[in-house]
Amino acid sequence: MTKFPYNETVLEHFKHPHNVGELEDPDGKAIEGSPACGDMVSVTIKVDQKTQVIDDIKFQSYGCASNIATGSIITDMAKGKTVDEAKKLSWKQASEALVGCPDQGALLGPGHRGLRAAVRDYEERHGIITERVPTTVKIIEKRLRHVMNPLMGLDIVRTDLVKDISFEGGVVKVVVDLDESHQFAEAIKNDIAER
């Protein structure tokens, strides 16, 4: 008989994940990973504006047991922490909480990155970014890798929808090869603007 590769903690978080869902009107949100790779996580957070404490957090996952378990444990760990404390949570801490998890890639992956990206989104929306990173075409392209092409299940960069990216005087221009009458054109346009 083959031994199941996950320990009881991972199995418990996989079978009964905590904080599953999506918050309406979140203060911060992020999607990390790709369904084509088999692991994708979206994270939404609500933050108390006075205390900067994460009051509520939800995740949705597409992936393996360790990916789902990681989303569950990382959201448990972040809830009740300040945004500064939450962004300092490490993959090592998640790994220790899921002792024996065989898939370290999942622990380094979307769940952990999703939390950090949701916190960064919150900080950007509220003008409280502490570390400023200059905008470059490379940074813009990296953000566009989170905009999905629904027809392909991959991002718009890898599916060659993005034909040109320019950045000048604080204005970002993205040229996408998609007819405006296309059924997903408006959703993709809005997602690009949000990123």
Separation between NE2 (His16) and NE2 (His13), nearest 0.5 Å, reads 11.0 Å

Look at the side-chain heavy atoms of Ile, Leu, Val, Met, Phe, Trp and Tyr, link any pair under 4.5 Å apart, and say whether Leu23 and Met77 land in one connected group. no

Under 4.0 Å between a side-chain nitrogen and a carboxylate oxygen: does that hold for Asp121 and Arg125? yes

Can you name the nearest heavy-atom pair linking Thr44 to Lys29, along with the distance? CG2-CB, 3.8 Å

Lys163 atom NZ, over 12 foreign heavy atoms within 6.0 Å: yes

Minimum heavy-atom distance Ala86-Val119, with the two atoms named: CB-CG2, 4.3 Å

Carefully, step by step, assess Leu115 and Ile57 under the rule side-chain contact (heavy atoms from CB on, under 4.5 Å). CA-CA 9 Å; Leu115 170 62; Ile57 183 169; 3.8 Å; yes

Let me confirm one number: the CD1-CD distance from Ile156 to Glu141, rounded to the nearest 0.5 Å. 10.0 Å

Any chance you could measure Ser42, atom OG, to Gln60, atom CD, to the nearest 0.5 Å? 4.0 Å

Report yes or no: does Thr75 contribute a side-chain atom to a donor-acceptor pair with the main-chain N or O of Lys58 at less than 3.5 Å? no

Tell me whether Val53 shares a hydrophobic cluster with Ile128, the cluster being built from Ile, Leu, Val, Met, Phe, Trp, Tyr side chains joined at under 4.5 Å. no

Spatial distance of atom CG (Asp27) from atom CG (Asp56) [nearest 0.5 Å]: 10.5 Å

When you check the gap from the basic side-chain N to the acidic O, do Glu124 and Arg143 get nearer than 4.0 Å? yes

For Ala118 against Ala30, the heavy-atom pair lying closest together: N-CB, 3.4 Å

Side-chain touch Thr51/Thr82, heavy atoms, less than 4.5 angstrom: no

Donor-acceptor pair between Asp179 and Ser181 side chains, under 3.5 angstrom: yes

Name all residues meeting the ring-ring contact (aromatic ring centres under 6.0 Å, His included) criterion together with Tyr122; count only those two or more places apart in sequence or in a different chain, and write none if there are none. His126

For Asp25, is there any backbone N or O sitting under 3.5 Å from a side-chain donor or acceptor partner on Lys46? yes

Any link between Ile45 and Val20 through a network of hydrophobic side chains (Ile, Leu, Val, Met, Phe, Trp, Tyr) touching at under 4.5 Å? yes

ILVMFWY cluster, Val175 and Leu161 together (side-chain gap under 4.5 Å): no

Taking Gln49 for its side chain and Val47 for its backbone only, find out whether a donor-acceptor pair lies under 3.5 Å. yes

Side-chain donor or acceptor of Lys138 paired with backbone N/O of Thr135 under 3.5 Å: no

Min side-chain heavy-atom separation Thr70-Val41 under 4.5 Å: no

Under a 4.5 Å cut-off applied to non-hydrogen side-chain atoms, are Glu123 and Lys87 in contact? yes

More than 12 non-hydrogen atoms from neighbouring residues, nucleotides or ligands closer than 6.0 Å to NZ on Lys189, yes or no? no

Residues Pro17 and Phe14: closest non-hydrogen pair is CD-O, 3.3 Å

